[in-house]
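What follows is a single structure, written as structure tokens, with notes after it.
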Amino acid sequence: MGNVEWKQYPSQQFYDELLDTRGIPRDAAKPLCDILASFTAKELSERKTAAEVAIRTMGITFTVYSEGSTIDRAWPFDIVPRVIPANEWRAVEAGLKQRVDALNLFIDDLYHDQKVIKDGILPKEILAQSVNFRPQCMGIDPPHGVWAHICGSDLVRDGDGSIYVLEDNLRVPSGVSYMLENRNVTKRVLPELFETGRILPVDDYPAQLYDMLASMSPRPGDEPQIVVLTPGIYNSAYYEHAYLAQQMGVELVQGSDLMVDDDDIVYMHTVDGLKRVDVIYRRVDDLFLDPEAFRSDSMLGTPGLMRAWRAGNVALANAPGAGVADDKVVYAFVPTLIQYYLDQQALLPNVPSYLCMRDDDRRYVLDHLDELVVKPANESGGYGMLIGPRATAEERREFAKRIEADPRNYMAQPTLALSTAPTLFDGVPEPRHVDLRPFILSGPETHVTMGGLTRVALVKDSLVVNSSQGGGSKDTWIVETEE
């Protein structure tokens, strides 16, 4: 088998991240494509195998829930990086910061004066039927006025090369550990790719996360006691919880490791007795955080946590209640919210959206189900949605009934011509659809990761990139080009 012939790569149908329609590498991707073209298919296959061995050795796994059991699987990874020029990324970074700033102001408003509803910007029925609005959070003032400290916004590129925000994840967004590990694995198996020095680093994220969490401490003079709160080893993101705790040098705890005393202070059980906790990076959903405030049957949380938070004795990231903005119907209003709170035009566009709660939109959606992607307001991981062009007539009929029964809970978007990136199969690159999840840290300052987690649909022609549904990922390079 010979070397990679980029001219043979079938990239004409969609916007490709590395190559133009003539099969010529884009400027930022040229050094990468030249190096890859110097390998034979056999050599590339060997590097891919080396990456798979490294992933198993490093223990990089994710959990799949299937048929009542949980299975740990090695992280599916493709060794051909995705390349984005730095000048384009700077515009994306500015758009993400603007978006998260507006969302934090919006969440804070909802738990205080609700001006956005009084001024008629957000229909009150959207809030009234929000499953993630927490009345228990009314009147609370979290540090820096920030509710969503860690946000993972999903970006897609359409057929003309335009970048859109597909959704915002503000509850407990996951995936950043895989972004960091993808870089580690790529450096290990393709070290020659990093000799140009133009690839911007991502490894400062754990330090930035630590500094952001430390800035929230209710005892600013002292070294803060920070913990990562995990639901435990059976959670699909447990690998990430352990990884981030280890990278930051903080304790990984479960709800039973913590207690709240009558003084409304959180303590951690240690071999030396109780130790006060200042900041909790919680990877447990709101409703399981505190059986006193939310679900009384929760075994994952700690009784009294909300009392301690309300008293200002502990900081929680993300704040409970932040998920009110993590709603695919609220998503449709984000450009309006940016205008309302910041008096600015949105720098990053939304994907055009139809809200089924609006009569005209609903009629259009029901008449065009075979063309649209329909999503429930509060599912994640690609679950519960209808991809109209791929669905059967029976599936579309069933979905139409659901929409008519609960229109507030559904929104629809056109099927995008998602961009592709070369992905190796038997040493030969083939186009596969990709998206991107950058992570935004909000504290005294806002930081956006240099790139993010590129997820790739490993199944030919599939648009579903979620690892739980057969997707994989690849390293993402932000590359400085000669101006």
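Note that the numbering runs from 1 along the sequence shown for the chain. The figures that follow rest on heavy atoms only: side chains count, while hydrogens, waters and symmetry mates do not.
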Find out whether Val176 and Met179 are in side-chain contact, i.e. whether some heavy atom of one side chain is under 4.5 Å from a heavy atom of the other. yes
Qualifying residue, where the test is side-chain hydrogen bond (donor to acceptor under 3.5 Å, both in side chains) with Thr476 and the options are Thr449, Thr454, Thr186: Thr454
Side-chain donor-acceptor pair under 3.5 Å between Glu240 and Ser174, yes or no? no
For Ala317 and Met216, the nearest pair of non-hydrogen atoms, with its separation, is CB-CE, 3.9 Å
Under a 4.5 Å cut-off applied to non-hydrogen side-chain atoms, are Ile403 and Arg362 in contact? yes
Heavy atoms, side chains only, cut-off 4.5 Å: are Leu289 and Ser298 in contact? no
What about Phe106 and Phe333, are their ring centers closer than 6.0 Å? no
Do the side-chain N and O atoms of Gln98 and Asp101 include a donor-acceptor pair separated by under 3.5 angstrom? no
For Asn132 and Tyr111, which heavy atoms make the closest approach, and how far apart are they? O-OH, 3.8 Å
What heavy-atom pair brings Gly175 and Leu453 nearest, and what distance separates the two atoms? O-CD2, 3.7 Å
Taking atom CG of Asp343 as the centre, does the number of heavy atoms from other residues, nucleotides or ligands within less than 6.0 Å exceed 12? no
Correct closest heavy-atom pair for Tyr205 and Leu441 would be OH-CD2, 3.5 Å
Answer yes if the side chains of Asp204 and His447 hold a donor-acceptor pair under 3.5 Å, and no otherwise. no
Taking every heavy atom of Ser153 against every heavy atom of Leu96, the minimum-distance pair comes out as CB-CD2, 3.9 Å
Side-chain contact test, heavy atoms from C-beta onward, threshold under 4.5 Å: evaluate it for His144 versus Ser215 and give yes or no. yes
Side-chain ion pair, Asp263 and Arg307, N-O less than 4.0 Å: no
Any donor-acceptor pair under 3.5 Å linking the side-chain atoms of Tyr331 with those of Asp326? no
Just jot down the salt bridge (charged side-chain N to carboxylate O under 4.0 Å, His left out) partners of Arg56, sequence neighbours excluded, or say none. none
Between Trp147 and Trp309, what is the ring plane arrangement, given parallel below 30°, perpendicular above 60°, and tilted in between? perpendicular
Partners meeting side chain to side chain contact (heavy atoms under 4.5 Å, CB included) with Thr302 (sequence neighbours left out): Leu258, Val260, Leu305
Charged N to carboxylate O under 4.0 angstrom, Lys97 versus Glu445? no
Would you check if Asp168 and Arg99 make a side-chain contact, meaning some heavy-atom pair closer than 4.5 Å? yes
Parallel, tilted or perpendicular: which fits the ring planes of Tyr178 and Tyr239, with parallel below 30° and perpendicular above 60°? parallel
Arg455/Asp154 ion pair, N-O < 4.0 Å: yes
Distance-minimising heavy-atom pair for Ala315 and Pro143: CB-CG, 4.4 Å
Looking at Arg171 and Asp286, is there a salt bridge between them, counting it only when a charged N and a carboxylate O are closer than 4.0 Å? no
Check for a donor-acceptor pair, side chain of Ser296 on one end and backbone N or O of Phe294 on the other, with a separation under 3.5 Å. no
